[in-house]
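Structure first, then comments.
As a basis for the values below, the full set of heavy atoms in this structure was taken, side chains included, without hydrogen atoms, waters or symmetry mates.
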Amino acid sequence: EGHPPSDGTVRGADKLRKGSRGRVGWPRDVNDVFRKRLRSGRRYEVSLTGRRGEDFDLVVYRPGTAEVWQIEPACARGPSGCSLVSFRASGDANEVARFRANATGRYVFQVSSFFSSGRYRLRVKRI
């Protein structure tokens, strides 16, 4: 809601506290990007919810990620050398990622639409 034109980039990422609500839409505004400082060794759950019939994806990137859509060939071999923490892309709008932060720093969260348009809710919590 009211995101600047740069909201789809790491540089324009909105600071995330506990959560946010927003809207993404195919083909003009396909992703929103957020940032949140997480602490090493702690476990987190990131949840994305949307309406039935929509298809949204959730991507979590490690600190130091320069750009979204940064999915390196190394990611196919495992987490070492890969900027992805989690990539959740089922066929609907509801995605959940659970992970332990392996470094303290600014993690990046990307909500993207897959040929869909609609509202979503994004939440990050410690578990």
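From Glu67, atom CD reaches atom OG of Ser83 across 10.5 Å, with rounding to the nearest 0.5 Å. Arg100 CZ to Ile127 CD1: the interatomic distance, rounded to the nearest 0.5 Å, is 9.0 Å. Taking OG from Ser86 and CZ from Phe109, the interatomic distance works out to 10.0 Å, rounded to the nearest 0.5 Å. For the atom pair CZ of Arg106 and CZ of Phe34, the computed distance is 13.5 Å after rounding to the nearest 0.5 Å.
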Please evaluate residues Val68 and Val10 with respect to the criterion side chain to side chain contact (heavy atoms under 4.5 Å, CB included), reporting the C-alpha separation (whole Å), side-chain torsions for both, the decisive distance (0.1 Å), and the verdict. CA-CA 7 Å; Val68 293; Val10 171; 4.1 Å; yes

Side chain to side chain contact (heavy atoms under 4.5 Å, CB included) between Val30 and Phe115, worked out: CA-CA 8 Å; Val30 297; Phe115 299 100; over 6 Å; no

Can Phe56 and Leu58 be said to form a side chain to side chain contact (heavy atoms under 4.5 Å, CB included), step by step? CA-CA 7 Å; Phe56 302 147; Leu58 171 65; over 6 Å; no

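Looking at every heavy atom in both residues, Ala101 comes nearest to Tyr107 through CB-OH, 3.4 Å. A pairwise comparison of heavy atoms in Asp55 and Ser90 identifies OD1-O, 3.1 Å as the closest pair. Nearest heavy atoms, Ser116 versus Gly53: OG-O, 4.3 Å. Across all non-hydrogen atoms, the minimal contact from Leu122 to Tyr120 is N-CD1, 4.0 Å. The two residues Ser113 and Val24 make their nearest non-hydrogen contact at CB-CG2, 3.8 Å. Scanning all heavy atoms of the two residues, the minimum distance from Thr104 to Ser40 falls at OG1-N, 2.9 Å.
Checked against side-chain hydrogen bond (donor to acceptor under 3.5 Å, both in side chains), Ser117 has no partners two or more places apart in sequence or in another chain. For Ser112, the side chain to side chain contact (heavy atoms under 4.5 Å, CB included) partners are Asn31, Asp57, Trp69, Gln110, not counting sequence neighbours. Under the side-chain hydrogen bond (donor to acceptor under 3.5 Å, both in side chains) criterion, Arg121 pairs with no residue, sequence neighbours left out.
For the pairing with Val33, the side-chain contact (heavy atoms from CB on, under 4.5 Å) check across Val108, Thr9, Val111 returns one residue only, Val108.
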When the side chains of residues 42-51 are checked against the rest of the protein, which donor-acceptor pairs come out under 3.5 Å, sequence neighbours left out?
{"unit_1": "Tyr44", "atom_1": "OH", "unit_2": "Arg39", "atom_2": "N", "d": "3.0"}
{"unit_1": "Glu45", "atom_1": "OE1", "unit_2": "Arg98", "atom_2": "NE", "d": "2.8"}
{"unit_1": "Glu45", "atom_1": "OE1", "unit_2": "Arg98", "atom_2": "NH2", "d": "3.2"}

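Between the side chain of Lys36 and the main chain of Arg17, a donor-acceptor pair closer than 3.5 Å is present.
Other residues, nucleotides and ligands contribute only 12 or fewer heavy atoms inside 6.0 Å of the CZ atom of Phe114.
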